[in-house]
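A quick write-up on the structure given underneath.
Numbered from 1 within each chain, the chains take letters A, B, ... in sequence-line order.
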Amino acid sequence: MSKLNPQQQAAVKAIDHPLLVLAGAGSGKTRVITEKIAYLVKQGLPARHIAAVTFTNKAAREMKTRVSKLLDNNQQRGLRVSTFHSLGLDILRAESKTLGYKAGITLFDEQDKHTLLRNLISHGAKDCDIDNIDSYARQIGQWKNAFVTPEQSITLAAATEYPAANLYVDYTRSLKAYNAVDFDDLILLPVLLFQQHPAILEKWQNKIRYLLVDEYQDTNITQYQLVRLIAGNLGRFTVVGDDDQSIYAWRGAQPENLAQLQKDYARLQVIKLEQNYRSTGRILKVANQLIANNPHAFEKRLWSELGYGDALRVLSHKDELIEAQQIVSEIIHHKFKTGGNYQDYAILYRGNHQSRLFEKGLRENNIPYFISGSTSFFAYSEIKDILGYLRLFVNQDDDAAFLRVINTPKREIGPTTLEKLGAYANERHISLFAACTEFGLSQKLSEKAMQRLAKFRDWTLDTADRIDRGDTFAVIEHFIDQIGYSQYLQEESKTKEAADRKLKNVYELVEWLKRIADKETDGQKPLAEIVAKIMLMDIMERNQEDEISDQVSLMTLHAAKGLEFPHVFLIGIEENILPHQNSIETDNIEEERRLAYVGITRAQRTCTFSYCTHRRRYGEIAECEPSRFLSELPEDDLEWVNKKQLAPEVIKERGKASLAHLKTMLS
DNA sequence: TAGAGGTTACTTTTT
DNA sequence: GTAACCTCTA
């Protein structure tokens, strides 16, 4: 703790008041949290009574690593460092009975949610149009994030939202029938539980006697409720946040929660961290000037002692192919010239699809790279299949899992049968699996179809039973053989290589599950717990033991928050990309500006912007304009390289013109 | 019932 | 340009 600056020290030692730390980018906020955990333990609060909550798995991982350097194993025992969602899942699993859930709660991912909504709509949900399914899904999520229950949504909904509110009611009932919850429920249900059962709340308050929250500006209404409930009236918490880095409004984040704390906790202490330990003065100057265009609830001014540094460069390219090639070759040359490492470079972008050409370019030049947050391991169809079976063994009422696996591999149970089964189950408000055995169904289906369903049902129950009784993993390996999954992959895949790769993934999944089961509990951890938990994990956790090697990082701006790199390339800095087209249309530029701010402040030594004058979009070549954000930056600190397609003044004028144009269009 | 072939909407960001 | 979705035929 010797090397902390006075503000950081004050933040670590402030344990008698609820504490809000306003921490600018690169001001050492993770350090404050980890040091504070160590400090609390050394002050005599056992680690099992401390919980630190973050938003991403990556941040939680980082925090754990750093705490482990400050405390020995004994001192850390029982410490909770997890994402909000993972904490919610722990609470739900522990209290499932009170909430009316059976053991073996299933977690639905976005795709499962989509499938369920689709089924509800096609089975006649009131006034719902299948074409609007995405907007219903989003609306339901927004209600959950804003702590609006289905009943309240019916009352509150505007006329246009009424179908979604009805669907929300049906959806909630179905989830309950399937003994399932979705991501948003992991926060919403614990809050409801705590509100309705003070004794349970007290139990958890006693467990978690000090709460630390990272990236507090990203909390939504429901998450804030959870924080308040756990922290209690005494306000035993430290939250750390930066309103300039709020980039999750689209999923309900309320940066106003920062100001709300002052209203809710009169004794709240506020400490600002303004010294930046990451970037050059010039990078900070540019970032500060950009973000000055946004309104601010809290004033803060970042400064650095790391020297003024190089100008930030702006590259212009003919199209996105040249952009990728040019930047890849810049990285090669720069690394050669400076004798640095590949891991010193990061390529950051607005949308995942932008990584493609860069991947190709890096691969062709044999440059090691790592893409974070792209297709997750769990998005692979073979992984979803096997997990689907496991989910069904754990919880037969999991309709999403049932639908996933019922005819994979083929069991001659096709759409017609499933349609009738679905209609029947829907009518009765029971799960598909439960419907399989019903007499009423046999009137609507052929005997053959009934037999096939019964066979699958018996097999599932039998396998689930054997998992319960004994050697979980022997049963799992056996069932994969038994259903002929390997053969199925051979038939389904276009090439033998693809089939082999998929099979390898399947075995990797099984090995991974074994490792998780072994951890802490010597293989005794129930499959139900593993299956639920696994849905919240990300690809990095799978590769935990792979050593970090020297590779260029590629990721979205969202994924980059909290990280830092010596050399940062911000690509596709164009109108309609950053700011994103949808944000322009909804006049929501401020969050996009914060996103750009987050990107710039990742850079330690150099920061390079890049835009294209032409780009393929939906297969058509379209003209592109440099982002308006470039025109908001101090000219003296920018160096425009390549052919300047547009002078900065022109961009500025155009930016103003397009803004004015937009405003007239909207008014 | 399965699979081929045609059509369409889409690309924001995550647990 | 493409993935997911839908319709038609064997």
Side-chain angles (χ1 to χ4, degrees), chain A residues 53-60 82-89 107-115 118 122 130-134 138 141 144-145 181-188 215 218-220 222-223 246-253 320 348-357 372-376 378-379 381 407-419 446 448-449 452 491-492 532-539 541 555-561 572 576-586 588 591-592 594-596 598-599 615-622:
Chain A
V53 188
T54 67
F55 279 85
T56 62
N57 290 304
K58 204 192 311 175
S82 70
T83 60
F84 261 102
H85 290 86
S86 180
L87 174 65
L89 182 63
L107 179 58
F108 270 29
D109 66 14
E110 289 303 305
Q111 206 184 323
D112 296 327
K113 176 180 178 181
H114 200 269
T115 311
R118 169 168 288 275
S122 63
I130 198 87
D131 290 338
N132 293 333
I133 184 161
D134 289 332
R138 208 175 315 123
K144 291 191 179 194
N145 288 330
V181 299
D182 67 14
F183 282 130
D184 301 318
D185 285 334
L186 295 178
I187 315 295
L188 179 70
E215 306 283 9
D218 289 333
T219 50
N220 59 39
T222 313
Q223 281 160 334
S246 165
I247 52 176
Y248 286 102
W250 53 274
R251 62 171 203 203
E320 74 275 18
L348 309 181
Y349 37 81
R350 180 67 175 84
N352 278 311
H353 63 281
Q354 287 174 271
S355 69
R356 276 214 178 144
L357 286 171
S372 119
S374 55
T375 355
S376 130
F378 303 104
S381 64
N407 209 26
T408 310
K410 303 271 178 288
R411 292 191 179 85
E412 296 182 296
I413 301 170
T416 321
T417 306
L418 289 177
E419 178 55 36
S446 71
K448 266 247 161 65
R452 287 174 189 139
E491 287 161 8
E492 286 296 297
K533 209 90 200 187
I534 213 171
M535 306 269 299
L536 285 176
M537 294 186 175
D538 67 12
I539 195 153
E541 269 165 290
M555 67 189 81
T556 62
L557 288 162
H558 284 86
K561 193 161 67 152
N576 296 323
I577 295 181
L578 185 74
H580 192 271
Q581 187 171 2
N582 296 359
S583 304
I584 297 174
E585 280 162 12
T586 55
N588 187 15
E591 179 145 316
E592 299 290 306
R594 287 192 289 268
L595 212 39
V598 166
R615 184 181 287 275
R616 267 195 128 76
R617 256 195 124 141
Y618 303 124
E620 303 270 293
I621 293 172

When we call it a touch if two heavy atoms are under 4.0 Å apart, what does [X] touch: a base, just sugar-phosphate, or nothing?
| X | value |
| --- | --- |
| A:Thr417 | sugar-phosphate |
| A:Asn407 | sugar-phosphate |
| A:Gln354 | nothing |

query = Would a distance-only check, ignoring hydrogens and angles, find a side-chain to backbone donor-acceptor pair under 3.5 Å from A:Glu592 to A:Ser583?
reply = no

ask   = Hey, is the main chain of A:Ala253 close enough, under 3.5 Å, to the side chain of A:Ser246 for a donor-acceptor pair?
value = no

ask   = Nearest nucleotide by nearest heavy atom, which residue falls closer to the 5' end of DNA chain B, A:Glu592 or A:Arg411?
value = A:Arg411

query = Taking side chain as C-beta onward, heavy atoms only, is A:Asp182 less than 4.5 Å from A:Leu107?
reply = no

Contact pattern, 5' to 3', of nucleotides 2-10 of chain C - B, S or - by protein heavy atom under 4.0 Å = -S--S----

inquiry  = What is the distance, to the nearest angstrom, from the OH atom on A:Tyr248 to the P atom on B:dT14?
reply    = 6 Å

query = How long is the line joining CZ of A:Phe183 and P of B:dT14, in whole Å?
reply = 12 Å

ask   = Under 5.5 Å between ring centres and under 30° between planes: true for A:Phe84 and the base of B:dT15?
value = no

Mutual orientation of the aromatic rings belonging to A:Phe55 and A:Phe84 [parallel < 30°, tilted 30-60°, perpendicular > 60°] = tilted

ask   = In terms of side-chain heavy atoms of A:Thr556, which of B:dT13, B:dT15, B:dA2 is nearest?
value = B:dT13

